[in-house]
Amino acid sequence: MSARSPIDHGLRVKLVLIGESNVGKTSLLRRLARNQFIPNEVATVGVAFQSYVVHLEEAPVRLEIWDTAGQERHRMLTPIFFRNAEAAVLTYDISSQESFNKLQFWISELKEKSHPNVVMALAGSKCDLEVSRQVQHEEGARFAREHGMIFMETSAQAAMNVVELFHAIAERVSKNHQLNTRGDLKKKRSKSITLQPPIQAERKCYHL
Ligand SMILES: Nc1nc2c(ncn2[C@@H]2O[C@H](COP(=O)(O)OP(=O)(O)OP(=O)(O)O)[C@@H](O)[C@H]2O)c(=O)[nH]1
């Protein structure tokens with residue numbers, strides 16, 4: 001089944017978690033899926049998978065979340081998992097300027113391999129570490145604006161903005177899906193016009 005094919009009722013969406021090692025990707029996912037936080041989370045090797053359902057008013061959205069390894073020695077394979085991803089959470093750590101500086105690299109990798117209309121969100125993680133902050137909120141917000149991303153500062157430790165972030169992604173994907181469905185319908189209708197007698201087709205009366 002493709003990333004955007006409907007499940008029984010609702011959508012099934014492939015989402016990838018991306019970013020440097022130690023920024024807190026696994027912790028975000030653990031907080032989201034199990035409402036837990038482990039102070040010394042072990043580094044991801046390869047990828048881990050977890051699904052999570054967001055119950056929107058219109059229909060449920062099942063996020064199939066792939067947590068990729070940030071460590072350089074474990075990430076040779078990770079771009080393979082970007083394939084056909086319909087959503088992505090790029091994560092940096094607000095207490096690490098270096099993790100923020102690497103975002104451009106991760107965006108390029110993602111855009112090369114994911115779905116063309118991938119919904120991107122930017123998570124400025126560990127926002128409980130205000131005393132060690134190196135990246136200002138406005139810097140994160142500006143980067144997100146420039147790249148059309150959803151933006152939230154999050155804390156897996158303090159359970160801040162974690163559910164909200166994934167909820168916002170599900171809403172945006174769902175909205176895009178609705179727009180595409182309407183677009184497909186329009187295309188279908190205009191196709192039926194091309195099957196009309198030639199005189200109509202010659203007039204190129206395709207706009208409905
Ligand atoms: N203070 C604080 N620490 C956090 C938070 N999220 C994660 N950490 C800690 O940061 C470290 C790295 O977290 P991980 O979730 O393993 O990071 P990761 O991005 O998955 O790392 P890789 O698997 O190597 O890619 C762990 O010690 C976590 O406990 C947070 O919100 N606040």
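Because only heavy atoms are used, hydrogens play no part in the values below, and waters and symmetry mates are left out as well, while side chains stay in. Every number for a ligand or one of its atoms is a count from 1 in the order of the listing. Here the structure is a predicted model, which means the values were calculated and not measured.
Closest approach of V135 to S96, counting heavy atoms only: CG2-O, 3.9 Å.
Using a 4.0 Å cut-off between charged nitrogen and carboxylate oxygen, D93 and K126 count as a salt-bridge pair.
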Could you list the donor-acceptor pairs under 3.5 angstrom formed between side-chain atoms of residues 142-152 and any protein atom two or more places apart in sequence or on another chain?
from: R145; atom 1: NH2; to: E138; atom 2: OE2; distance (Å): 3.0
from: H147; atom 1: ND1; to: F143; atom 2: O; distance (Å): 3.0

Donor-acceptor pairs under 3.5 angstrom involving side-chain atoms of residues 42-59: please list them, not counting sequence neighbours.
from: T44; atom 1: OG1; to: T26; atom 2: OG1; distance (Å): 2.8
from: E58; atom 1: OE2; to: S174; atom 2: OG; distance (Å): 3.4

Donor-acceptor contacts under 3.5 Å from residues 153-162 side chains, at least two apart:
from: E153; atom 1: OE1; to: R133; atom 2: NH2; distance (Å): 2.8
from: E153; atom 1: OE2; to: R133; atom 2: NH1; distance (Å): 2.8
from: S155; atom 1: OG; to: D128; atom 2: OD1; distance (Å): 2.8
from: S155; atom 1: OG; to: Q157; atom 2: N; distance (Å): 3.3
from: S155; atom 1: OG; to: A158; atom 2: N; distance (Å): 2.8
from: N161; atom 1: ND2; to: E153; atom 2: O; distance (Å): 2.8

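At a cut-off of 3.5 Å, with distance as the only test, no side-chain donor of N176 or R172 sits close to an acceptor on the other residue.
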Tabulated below should be the N or O atoms of ligand 1 paired with protein N or O atoms at under 3.5 Å; can you produce that?
from: ligand 1; atom 1: 1 (N); to: D128; atom 2: OD2; distance (Å): 2.8
from: ligand 1; atom 1: 10 (O); to: K126; atom 2: NZ; distance (Å): 3.0
from: ligand 1; atom 1: 15 (O); to: T26; atom 2: N; distance (Å): 3.4
from: ligand 1; atom 1: 15 (O); to: S27; atom 2: N; distance (Å): 2.9
from: ligand 1; atom 1: 15 (O); to: S27; atom 2: OG; distance (Å): 2.7
from: ligand 1; atom 1: 17 (O); to: G24; atom 2: N; distance (Å): 3.0
from: ligand 1; atom 1: 19 (O); to: V23; atom 2: N; distance (Å): 3.2
from: ligand 1; atom 1: 19 (O); to: G24; atom 2: N; distance (Å): 3.0
from: ligand 1; atom 1: 19 (O); to: K25; atom 2: N; distance (Å): 3.0
from: ligand 1; atom 1: 19 (O); to: K25; atom 2: NZ; distance (Å): 2.8
from: ligand 1; atom 1: 20 (O); to: K25; atom 2: N; distance (Å): 3.4
from: ligand 1; atom 1: 20 (O); to: T26; atom 2: N; distance (Å): 2.9
from: ligand 1; atom 1: 20 (O); to: T26; atom 2: OG1; distance (Å): 2.9
from: ligand 1; atom 1: 21 (O); to: N22; atom 2: N; distance (Å): 3.0
from: ligand 1; atom 1: 23 (O); to: T44; atom 2: N; distance (Å): 2.6
from: ligand 1; atom 1: 23 (O); to: T44; atom 2: OG1; distance (Å): 3.0
from: ligand 1; atom 1: 24 (O); to: S21; atom 2: OG; distance (Å): 2.7
from: ligand 1; atom 1: 25 (O); to: K25; atom 2: NZ; distance (Å): 2.7
from: ligand 1; atom 1: 25 (O); to: G70; atom 2: N; distance (Å): 2.7
from: ligand 1; atom 1: 27 (O); to: P39; atom 2: O; distance (Å): 2.9
from: ligand 1; atom 1: 29 (O); to: I38; atom 2: O; distance (Å): 3.0
from: ligand 1; atom 1: 29 (O); to: P39; atom 2: O; distance (Å): 2.5
from: ligand 1; atom 1: 31 (O); to: D128; atom 2: OD1; distance (Å): 3.4
from: ligand 1; atom 1: 31 (O); to: S155; atom 2: OG; distance (Å): 3.4
from: ligand 1; atom 1: 31 (O); to: A156; atom 2: N; distance (Å): 2.9
from: ligand 1; atom 1: 31 (O); to: Q157; atom 2: N; distance (Å): 3.2
from: ligand 1; atom 1: 32 (N); to: D128; atom 2: OD1; distance (Å): 2.8
from: ligand 1; atom 1: 32 (N); to: D128; atom 2: OD2; distance (Å): 3.4

